[in-house]
Protein chains: 2
Amino acid sequence: MNNFTYCNPVQIIFGKGSISELSDLISPDEKVMITYGGGSIKRNGVYDQVMDALKNHVVVEYGGIEPNPRFETLMQAVEKARREEIDFLLAVGGGSVVDGTKFIAAAIPFEPGNEWHILSKRAEIEDAIPFGCVLTLPATGSEMNPTAVISREETAEKLVFSSPLVYPQFSILDPEATYTLPERQTVNGIVDTFVHITEQYLTFPTGAALQDRQAEGLILALLDEGPKALQSPRNYTVRANLMWISTQALNGLIGCGVPGDWATHMIGHELTALYGIDHARTLAVVLPALLRHQKDRKADKLTQYAERVWNIREGSRDERIEAGIAKTENCFHSLGVPTRLSDYSIGAEAADAVAERIRKRGASFGEHGDIGPKEIAEILKLAM
Amino acid sequence: MNNFTYCNPVQIIFGKGSISELSDLISPDEKVMITYGGGSIKRNGVYDQVMDALKNHVVVEYGGIEPNPRFETLMQAVEKARREEIDFLLAVGGGSVVDGTKFIAAAIPFEPGNEWHILSKRAEIEDAIPFGCVLTLPATGSEMNPTAVISREETAEKLVFSSPLVYPQFSILDPEATYTLPERQTVNGIVDTFVHITEQYLTFPTGAALQDRQAEGLILALLDEGPKALQSPRNYTVRANLMWISTQALNGLIGCGVPGDWATHMIGHELTALYGIDHARTLAVVLPALLRHQKDRKADKLTQYAERVWNIREGSRDERIEAGIAKTENCFHSLGVPTRLSDYSIGAEAADAVAERIRKRGASFGEHGDIGPKEIAEILKLAM
């Protein structure tokens, strides 16, 4: 097991009716800016619950944060927050709103004019406005981690930043807030969660017995509960399980002491930036191809995955590995999620286009740090 | 799933060589009191590593905290800390030292003369001295939770207190510090960890799919790794796994949204207080008897446990439940831990003696809150 440090200070308030606890979580002396997305919170009752809980607070709003939140949009929120002298931000939405709010929180006290450096240069953040979350879409785990992914339209970039200063102070997880999610978003959340787990699990063994069991437990619970949410979208227990699974999948715990891959995410980000495919759906395309491309180096973990998750114990090692990857693909298909670029009418040119963008950035990914432009082109050709 | 809140702010520093990080974790302006137990840290090199890391700090010491730390001893440490105007406590040892240090931290600023009320009246704590841990014995999970168990010799009591103010600021977990543990202490740690998990898992279902998988994952990893530590006490990976498993077993995570039993612990505390049996060994006596006594009400979880942990899928429901309990007993026996009171030459009088003590205190335990004196006597008679 590798050495690690772990500290996750986020306060989770989980369960039905928990939005009402907002009134005690934010001091009435603090001027609050609520950030949200396209307005679904005004249709599903969440906005009303939030405003009712904050009826004794001074509240301003910034709505319109889009999926794959854009720097250009977020900077408008930063300017509003500066103008209004906001003390506390409250993200009400899914991962895009939470990620966007992390950027707003960090950018408000940052040097005006250079806020993009937080992403492009990973400039160190020395301060951030405190914030909390009311989660409405389980998927990204952003509600319990210090990381955000932000896009810039001007340059078609999608970049990551991370700082302990942008852990949410609290996150309210009320499963009832997810009852009215469109099925497509529920499915995307399941796939995103699945791949968050595999990024930290399907690498190479470091003897981390518990982390492996925790990752397998997350996948097994997700496989049990995910399909039920499509059948019974208003089943509280199912929605509660999905919400807690997605949070635990990316709060740092299963990544303790083990290598991380993240190549699927980094390649997926490029497909979203270039072709506008939903984040989760890019992952479903990249993951099976990446696992096949890397199957020799990931063989120990892929064999364990096939056995412990899919109960595959027959056949040669290669056959078991391939059967595990095929089960993964079938799982995505059963949720109605395609796993090929051709399903999006994208041809072989994508492989070179993505590889070229990575080459320009001088980047490489994966648990060995050697998934570079050449390997990325090969992986995307396997995903045609 | 039940509503819950969860926030665990402890910073974990895990891995070989991590004791040297102490120098950065405690401000050099703070006067430190190191607390420890019987002096094993002076023989295994841990004391020297700690003192080397703190060579630029003002450090005083308080040694001699015993297993099942006694109020009488701890009050001497409180008086020394007050006299020396200590700013920071550093517990170097196992769960007893960590628990004892939590009490010292809370008692220093508490009303002089009434410190016992922290335990006897569960008096609210409004302040505590900050502290950190260097763990040398994985077992109790105290290094990542806000709870302590303290004994009072005068009254043969063993009581619990808990406060968010006694979360350690940090805990250093260096698996190499456990290489020289006596086998008895390694075994006790495995059994204690095992029962911490079952207290939160073997209750009744609340549909908490992930928490169940997390508990099962902890048990499976513990069953894999525990016996290896007896064969290869200096195997780093095995020691690292045991350390991280025992911490995760009682840091609150698997208890989120589910009921807790804790009757085994509460009955076990009485056996330690009355007969001086090691804490973990009392649990090995009580658990199988308690599970048999409660097998109808715990049937759903016991069946799941038999299947997912022990792979028992044949036979009637009752047979599978009994087979799972028998496997648990065999597991304790394989570690050399007895599971009967008669193994300690204790007779049927113990059942009434413990029940009488619980009756006097008006207490009852278990996930339904109805394991009272009568049930406790029945359970202990099953454990003869």
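All values reported here derive from a predicted model rather than from experimental measurement. The chains referred to below are lettered A, B, ... by the order of the sequence lines, with proteins before strands, and numbering in each begins at 1.
- Using bins of under 30°, 30° to 60° and over 60° for the plane-to-plane angle, the ring pair A/W310/A/Y305 lands in the perpendicular bin.
- Figure legend: A/K102 and A/F131 shown without cation-pi pairing, the cationic atom not lying both under 6.0 angstrom from the six-membered ring centre and within 45 degrees of its axis.
- Annotation: maximal heavy-atom pairing with chain A below 4.5 Å, among B/D212, B/V238, B/L220, occurs at B/L220.
- In this structure, A/N251 contributes its side chain and A/N145 its backbone to no donor-acceptor pair below 3.5 Å.
- Heavy atoms of B/Q11 lying under 4.5 Å from chain A belong to its backbone as well as its side chain.
- Ion pair B/K298/B/E367 flagged as a salt bridge, since at least one NZ, NE, NH1 or NH2 atom sits closer than 4.0 Å to an Asp/Glu carboxylate oxygen.
- For the set A/L222, A/N2, A/L173, A/I13, the entry with the most heavy-atom pairs within less than 4.5 Å of chain B is A/I13.
- When each of B/A221, B/A209, B/A240 is scored by its heavy-atom pairs under 4.5 Å with chain A, the top score falls to B/A209.
- Among B/M144, B/E21, B/K16, the residue making the largest number of heavy-atom pairs under 4.5 Å with chain A is B/K16.
- Contacts of B/N8 with chain A are made by backbone atoms alone, with heavy-atom separations under 4.5 Å and no side-chain atom involved.
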Checklist entry - When you look at A/Q248 and A/W244, which way does the side chain to side chain contact (heavy atoms under 4.5 Å, CB included) test go after all the steps? => result CA-CA 6 Å; A/Q248 291 289 313; A/W244 193 223; 3.1 Å; yes
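- In this structure, chain A has no heavy atom under 4.5 Å from any part of B/E216.
- Aromatic ring pairs are classed by plane angle as parallel below 30°, tilted from 30° to 60° and perpendicular above 60°; the pair B/F170 and B/F88 is parallel.
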